[in-house]
Each structure stands twice: as C-alpha cells, then as structure tokens.
Amino acid sequence: MGYANPQQTAAGIHTRLYSRAFIIDDGKQRVVFVTADVGMISQRLRLEVLKALQLKYGNLYRQDNVVLSGTHTHSGLAGYFQYTLFMISSKGYIKTSIKPLVNGIVKSIDIAHATIKPGRIYRSRGELDDSSLNRSPHSYLNNPEDERHRYKWNTDKQVLVLKFTDLDGDGIGMLSWFAVHAVSMNYTNRMVSSDNMGYASYLLEQDKNPGDLPGQGGFVAGFSSSNLGDVSPNIKGPHCVNTGLPCDYLNSSCPVGGTKMCKAFGPGDDMFESTRIIGHSIYRKAKELYATAVEEVTGLVHSAHQWVNMTDVTVQINDTHTISTCKPALGHSFAAGTTDGGGDLNFTQGAVEGDPFWDGIRDALLGEPSNQTQKCHHPKPILFSTGEMNWPLPWHPEIVDVQIITIGSIAVVAVPGEMTTMSGRRLREAVKQELESEGAFRDSEVVIAGLSNVYTHYITTYEEYQVQRYEGASTIYGPHTLSAYLQKYRGLARAIAQDRVSELHVGPQPPFFEKNLFNLLPAATVDRKPENSSFGEVLQQVYPVYRQGDVVSVTFVAGNPRHSGDIVRPKALILNNAFGCRFHWLKGSNRQSNSTVEWHIPPSAPSGSYRIRHFGHYKQMKGLRPVITPYKGTSDVFKVAASFYYQ
C-alpha cells in the first residue's frame with residue numbers, strides 16, 4: 001500500500017512489520033499512542049481496533065484517547081480500506097490483510113497495558129539535515145516570502161525524542177518524530193518492508209535489547225511519521241533515468257519518456273542501501289538525543305477528539321467573508337505521481353488545465369464533475385470527482401477524525417493525512433498559540449503525528465494548492481482544506497487549555513460498511529513440485545564457508561507463503577527478522593514455486609557454524625477438499641569465519 005501500483009504484489013520479506021504502543025497515565029487520565037509499520041491508518045482499521053479494545057477493556061481505550069499513526073512505509077500490506085478508490089488500487093478489501101493488522105495493533109496495546117509501571121519521561125530535540133529533500137520546491141516557493149524567510153530549510157529537520165524510564169532511571173522506551181517519506185524502498189520492490197523508519201527502530205531496539213530477537217526485547221523504540229507530505233529521503237534528487245540529466249524543475253518530467261523517466265534516487269547505490277543509510281541516520285540522531293535527554297516532562301495528560309464532516313466546513317476569514325471545503329476530488333496531477341514513484345500515463349505535475357482526451361474518458365466512464373465541485377476546487381482540473389462517486393461504496397471518506405493528546409507540555413496532533421512542511425508549521429504554531437493563551441501551558445512542544453486515524457491523502461497550504469503539483473492535486477477537500485483543519489485543531493487545543501473538553505461535540509460517526517466490500521485477490525491455487533522431489537528440498541545449496549560481508553543463499557522447493565496464513569509465518573530460524581536476512585518467493589510455471597533465503601552477513605556476526613531452516617505450508621486437493629500441510633527444509637551447515645583459511 002502506497003504507490004497505488006496493482007502490479008506491486010508481495011513476493012518476499014525484507015523486514016518484519018511491527019506495531020509499537022505507548023501508554024501514558026497521570027493517575028487520572030490515560031492516553032495511548034501507537035506507531036505501526038503500515039502505509040497509513042485507514043478508517044476501517046481504526047474502527048476495527050477500537051471495537052476490539054472496547055470488547056476487551058470496556059471504556060478504558062476510546063476514540064478520544066487512542067491515537068493510531070502509520071510510519072508510511074510503502075512496502076506494507078494493502079487491502080485494509082473500506083472506500084472504493086483504495087479498494088480498486090489495492091485489490092479490494094482483503095480480510096487476511098486487515099485481521100493481522102488489527103490483531104497486531106491490539107496485541108501491542110495489550111503488552112503495554114500489562115507492563116505499565118511508574119516511570120519518568122524526558123524530552124530532547126535536535127536537527128537532522130542529511131536525510132530529507134523537498135520534492136516539490138516549486139510549490140513551497142509559492143508560500144509568502146516573509147513566511148519562508150522565518151525558516152532555514154524547505155523541510156522540517158527537527159527530531160523530537162521522548163525518553164521513557166522506570167523510577168530507577170533504566171530506559172524502557174523511546175518515541176521519536178521526524179518528517180520524511182518512508183520510500184527508500186521504491187515502487188519496483190516486491191518485498192514486505194518497514195523501510196527506513198522500521199530500520200531505525202530495529203537498530204535502536206537491537207542496541208537496547210542485546211541478545212534478544214527483534215520484537216522480543218523489553219525496550220520499545222517507536223519512530224513516527226510527521227508532516228512529510230513534500231519530503232523525500234531520496235536526497236540525490238530527481239534525474240531522468242534515460243539521460244542522467246536533472247528533470248524539468250516545474251513539472252518533474254523528462255524530454256523523452258515524460259514523468260515515468262523522472263526518478264529521485266539516493267543516497268545509496270540501490271534501494272536496500274538507501275534504506276540502510278537513511279534509517280541509520282535517523283537512528284543515530286535519535287540515539288544521541290535519547291542519551292542527552294534531561295528535561296523532564298511533567299504535568300497532566302489530556303485528550304480531545306471530534307469527528308468532522310470535512311466536505312462541509314465553513315471558515316470565517318474576516319468580518320465579511322467565509323470560505324468552505326469541498327466534496328472530495330483528485331486533480332490531473334494526482335495521476336502523474338511523484339519523483340518517488342511516477343504514474344504510468346502521460347500526466348505531468350503542475351497541471352492547472354484539464355486534458356480533453358482524459359476528461360472525455362472520465363466523463364464516459366465515471367461521469368462529469370458537477371459545476372459546483374469544479375468551481376469549489378479551482379484551479380484544480382478534476383480527474384476523479386470522488387465525492388460524487390458512490391458505487392459500490394463511497395470512493396472517499398467524508399467523516400474524518402481530528403485529535404490532540406497532550407502529555408505534560410507535549411502536544412501530539414494526530415493528522416489524518418500527509419501535511420506538507422509549511423502546512424505542518426502553520427498547524428503547530430496555531431495549536432501552540434491556543435494552548436498557551438490561557439496560561440495553563442508554558443514552553444509547549446507541538447508535534448505532528450502524520451497518517452493517523454483515517455487517510456485523506458494530502459494537505460497543502462492554499463498557496464501550494466495553486467501550483468497543482470501532486471500534493472496539491474491530492475488535497476481532496478479543496479484549496480481551503482488547511483484552513484478548515486486549523487480551525488478544528490484550534491478548537492481542540494482551546495478546549496484542552498480551558499479544561500472544557502467535555503463540552504466538545506462528538507460529531508457525526510463514520511460509517512462501518514458491511515455490504516458491497518469487494519475482494520479482487522483470487523484465492524491461492526494448489527501447489528505442485530517437480531517430479532521426484534519434496535517440499536522443503538534444497539535446490540541450491542550453501543557453500544561450506546563464508547566471511548563476514550558475504551551473502552549466504554539457499555533455495556528450497558516451496559509452497560505459496562499465503563498458505564501459511566495465521567498458522568505460521570514463513571521464516572528462517574536463527575537469522576529470522578535480522579535486517580540482513582531476506583526471504584524471496586518465486587512463482588514459477590505449472591503452479592510450482594521456490595523460496596530463497598539470503599543472509600547478508602553483517603561485520604558483527606560471530607564466527608561459528610550456522611544453518612538456515614525454512615518452514616512453510618503447501619496446499620493440495622484431497623477429493624474436493626483443500627488440505628494444507630506443513631513442511632520444512634534445512635540447508636547444510638556452513639561456517640562463518642574471518643578468513644577462508646580456518647581450522
């Protein structure tokens with residue numbers, strides 16, 4: 001989920017996906033913050049999690065005090081959305097996707113709930129300036145000059161770290177926010193991956209949980225998304241892959257090949273190295289800030305939440321004029337994609353006029369946008385008028401969560417989408433102003449938690465919207481979307497500052513669709529194997545000896561990993577979950593397939609004897625009944641040594 005590429009189906013595992021939960025309780029009130037290795041939290045996922053929590057804990061964990069935020073990896077599961085546009089782009093609503101996501105998020109909250117103990121929180125803040133690049137600088141430059149001059153960079157470089165300790169001062173966790181897209185793994189990747197943010201978590205948790213497998217230690221390191229809307233980790237910038245020359249500055253296209261040829265790269269030679277480099281930079285800065293965090297966070301815990309109909313928000317801008325949001329719609333430049341993953345068709349970013357060819361196809365297939373919607377979204381040329389498309393279910397959400405939790409002087413603003421750099425700055429400033437207006441908050445730190453609670457694409461400033469690059473074209477509620485959010489979040493912050501949260505209107509509840517959800521993913525077929533072989537048999541054996549830095553590879557006769565389902569996950573024992581261990585599944589002809597496990601031996605790997613074991617399941621028909629059977633395969637023993645000349 002992320003690149004909206006239906007051909008990008010999973011064929012392996014690069015890294016595991018985790019949910020990390022933090023519960024903070026001041027003795028009277030409690031809040032939960034979850035950062036999960038998913039592209040974004042969908043409305044359906046949040047509603048399912050809240051439903052499961054209510055069954056288990058009653059009214060302890062609710063929509064107002066639970067924040068769910070996605071890291072924005074573009075290499076995580078798809079199929080957990082209930083709105084038509086997302087179902088079309090990710091093969092429907094897939095129960096085998098949403099079930100493990102709900103279970104994993106709830107389990108992380110269960111673990112936090114069961115291990116809650118007295119402790120302290122410290123905060124620290126720094127800058128990380130070598131890991132992000134603004135991918136729409138032309139849009140950014142359309143913001144007022146005096147506003148831009150207040151900031152050194154055209155992306156937010158700040159890293160905020162919260163350090164959690166027990167009463168003895170021993171570390172039990174860390175929560176961090178940094179604004180960068182988790183797209184170091186690009187749109188050609190076919191492996192499940194937590195990307196750069198997940199690698200940062202992996203490194204810090206390995207540091208703090210020596211000897212434990214990932215996901216097993218007591219120390220939890222959460223790296224959360226922020227206002228990353230126009231921020232890329234591909235810091236070499238966009239170039240035409242066919243010529244090596246820089247792309248056109250205004251519309252990110254190439255003279256030959258258009259937007260498809262314009263791609264951003266870096267900093268590594270391939271996506272795996274780029275993931276490692278960016279993830280390591282984020283980890284290193286967080287580790288440094290964690291080690292030096294001495295400013296204690298004290299005070300009370302608050303939470304405020306409303307459901308808002310974002311298609312119908314009116315904002316008073318002066319004594320005589322009001323502005324309004326619109327029914328959702330996507331512009332032509334949405335189909336152009338970004339320099340992190342361009343579209344397949346001949347759309348370009350920065351389109352402020354429609355294309356008669358594509359508009360004609362749209363009108364014939366989906367219907368023409370109403371005059372009211374076209375006028376409301378101006379200057380966006382509408383490609384999909386999703387707010388006027390309701391078959392078989394609405395194409396986009398109308399009801400959206402707005403939410404703030406405060407932990408002492410820290411305010412976490414849960415944003416239901418991807419805010420650009422300047423949008424995020426304006427929102428942080430507005431919330432800080434409201435919190436401190438009553439005197440109850442001093443020296444408050446406002447941080448944006450992106451991709452939270454429900455997904456509504458992008459949120460640009462009014463000025464950026466006029467340029468209609470990808471981010472503006474994907475600001476679905478129109479040019480005044482940010483103004484509407486500023487008004488709503490100011491209201492939440494004011495209610496917290498005045499201790500009047502109980503007076504907030506809950507707002508209209510979002511729908512929970514039971515009918516017309518569809519699944520376009522066919523069931524996995526039966527498995528076959530070559531004659532005179534067995535499942536788990538080794539096809540390509542390991543060498544007898546390797547050195548640190550080498551790559552071990554072993555290939556097995558395999559079943560479809562989907563047949564393992566909830567029974568057991570495909571894995572390689574000993575090496576399982578390690579960043580250097582990769583699982584590849586290759587679907588061959590005649591329903592036969594192979595699994596290859598690679599171990600990229602790290603320099604720190606101890607010398608010694610190893611083997612790789614692969615566990616899976618295959619499906620066969622017994623009469624008319626499908627039967628799933630476990631199998632396992634084991635490589636020969638191999639040695640890892642500093643030299644090939646070993647005793």
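Note that these values count all heavy atoms, side chains included, but never hydrogens, waters or copies made by symmetry.
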Inset, instruction - Kindly write out the residues that satisfy side-chain hydrogen bond (donor to acceptor under 3.5 Å, both in side chains) with Trp153, not counting sequence neighbours, or none if the list is empty. - result: none
Inset, instruction - List for me each residue that meets side-chain hydrogen bond (donor to acceptor under 3.5 Å, both in side chains) alongside Thr456, sequence neighbours excluded, and say none if there are none. - result: none
Legend entry - Residue pairs fulfilling salt bridge (Lys or Arg N to Asp or Glu O under 4.0 Å) with at least one residue in residues 78-87, sequence neighbours excluded: none
Legend entry - Inter- and intrachain pairs under salt bridge (Lys or Arg N to Asp or Glu O under 4.0 Å), touching residues 268-280, at least two apart: Glu273-Arg276
Just how far is it from atom [atom1] of [X] to atom [atom2] of [Y], taken to the nearest 0.5 Å?
{"X": "Ile277", "Y": "Ser184", "atom1": "CD1", "atom2": "OG", "answer": "9.0 Å"}
{"X": "Glu434", "Y": "Glu436", "atom1": "CD", "atom2": "CD", "answer": "11.0 Å"}
{"X": "Glu445", "Y": "Gln158", "atom1": "CD", "atom2": "CD", "answer": "8.0 Å"}
{"X": "His305", "Y": "Gln403", "atom1": "NE2", "atom2": "CD", "answer": "5.5 Å"}
{"X": "Asn154", "Y": "Asp230", "atom1": "CG", "atom2": "CG", "answer": "7.5 Å"}

Closest approach of [X] and [Y], non-hydrogen atoms and distance?
{"X": "Thr311", "Y": "Tyr477", "value": "CG2-CE2, 4.1 Å"}
{"X": "Ile382", "Y": "Pro369", "value": "CG2-CG, 3.7 Å"}
{"X": "Glu388", "Y": "Ser370", "value": "OE2-OG, 2.5 Å"}
{"X": "Val180", "Y": "Val231", "value": "CA-CG1, 3.9 Å"}
{"X": "Ala493", "Y": "Ile404", "value": "N-CD1, 3.9 Å"}
{"X": "Ser132", "Y": "Phe178", "value": "OG-CZ, 4.2 Å"}

Given 3.5 Å as the limit, does a donor-acceptor pair link the side chain of [X] with the main chain of [Y], or not?
{"X": "Ser97", "Y": "Ala78", "result": "yes"}
{"X": "Ser333", "Y": "Gly350", "result": "yes"}
{"X": "Asp37", "Y": "Tyr18", "result": "yes"}
{"X": "Asn134", "Y": "Thr155", "result": "no"}
{"X": "Gln468", "Y": "Pro379", "result": "no"}
{"X": "Ser452", "Y": "Gly450", "result": "yes"}
{"X": "Lys380", "Y": "Ala329", "result": "yes"}
{"X": "Asn196", "Y": "Ile278", "result": "no"}
{"X": "Gln487", "Y": "Ser483", "result": "no"}
{"X": "Ser232", "Y": "Leu133", "result": "no"}

Student check: side-chain heavy atoms of [X] and [Y] closer than 4.5 Å:
{"X": "Gln306", "Y": "Leu492", "answer": "yes"}
{"X": "Ile476", "Y": "Thr386", "answer": "no"}
{"X": "Thr9", "Y": "Arg190", "answer": "yes"}
{"X": "Arg362", "Y": "Trp358", "answer": "no"}
{"X": "Leu366", "Y": "Trp395", "answer": "yes"}
{"X": "Tyr80", "Y": "Val38", "answer": "yes"}
{"X": "Arg428", "Y": "Asp156", "answer": "yes"}
{"X": "Ser176", "Y": "Tyr290", "answer": "no"}

Legend entry - Parallel, tilted or perpendicular: rings of Tyr187 and Tyr3 (30°, 60°): perpendicular
Legend entry - Aromatic ring pairing His457/Tyr455, orientation class (parallel under 30°, perpendicular over 60°, tilted between): tilted
State which residues pass salt bridge (charged side-chain N to carboxylate O under 4.0 Å, His left out) with [X]; sequence neighbours excluded, sorted by chain then number.
{"X": "Lys91", "answer": "none"}
{"X": "Arg135", "answer": "Asp340, Glu471"}
{"X": "Lys287", "answer": "Asp207"}
{"X": "Glu429", "answer": "Arg150"}

Inset, instruction - Please check if any side-chain donor atom of His332 sits under 3.5 Å from a side-chain acceptor atom of Asp359, or the reverse. - result: yes
Legend entry - Any side-chain donor near an acceptor of the partner, Lys327 and Ser385, under 3.5 Å: no
Inset, instruction - Take the SG atom of Cys326, take the SG atom of Cys376, and say whether they are under 2.5 Å apart. - result: yes
Inset, instruction - Verify side-chain contact (heavy atoms from CB on, under 4.5 Å) between Val446 and Leu427, making sure each step is shown before the conclusion. - result: CA-CA 9 Å; Val446 181; Leu427 179 59; over 6 Å; no
Inset, instruction - Among Val315, Val402, Thr325, Val415, find the one that has a side-chain contact (heavy atoms from CB on, under 4.5 Å) with Tyr485. - result: Val402
Legend entry - Residues that Ser324 engages under side-chain contact (heavy atoms from CB on, under 4.5 Å), provided they are two or more places apart: Thr314
Legend entry - For Asn143, all residues meeting side-chain contact (heavy atoms from CB on, under 4.5 Å), sequence neighbours excluded: Tyr140, Glu147, Arg148, Met422, Arg426, Thr461, Glu463, Glu464
Inset, instruction - Name all pairs fulfilling the ring pair (Phe, Tyr, Trp, His ring centres under 6.0 Å) condition that reach into residues 225-267, sequence neighbours left out, sorted by first residue then second. - result: His138-Tyr249
Inset, instruction - Step by step, work out the disulfide bond (SG atoms under 2.5 Å apart) result for Cys240 and Cys254. - result: CA-CA 6 Å; Cys240 297; Cys254 299; 2.2 Å; yes
Inset, instruction - Could you check Asp443 against Arg123 for salt bridge (Lys or Arg N to Asp or Glu O under 4.0 Å), going step by step and ending with a plain yes or no? - result: CA-CA 12 Å; Asp443 190 27; Arg123 73 174 182 178; 2.8 Å; yes
Inset, instruction - Compute the centroid of each ring, for Tyr470 and then for Tyr458, and state whether the two points are separated by less than 6.0 Å. - result: yes
Inset, instruction - Apply the side-chain hydrogen bond (donor to acceptor under 3.5 Å, both in side chains) test between Tyr83 and each candidate in Glu398, Arg44, Gln43, His396; give the one that qualifies. - result: Gln43
Could you pull out all donor-acceptor pairs under 3.5 Å where a side-chain atom in residues 257-264 meets a protein atom, sequence neighbours excluded?
residue: Thr259; atom: OG1; partner: Phe347; partner atom: O; Å: 3.2
residue: Lys260; atom: NZ; partner: Asp344; partner atom: OD1; Å: 2.8
residue: Lys263; atom: NZ; partner: Lys260; partner atom: O; Å: 3.0

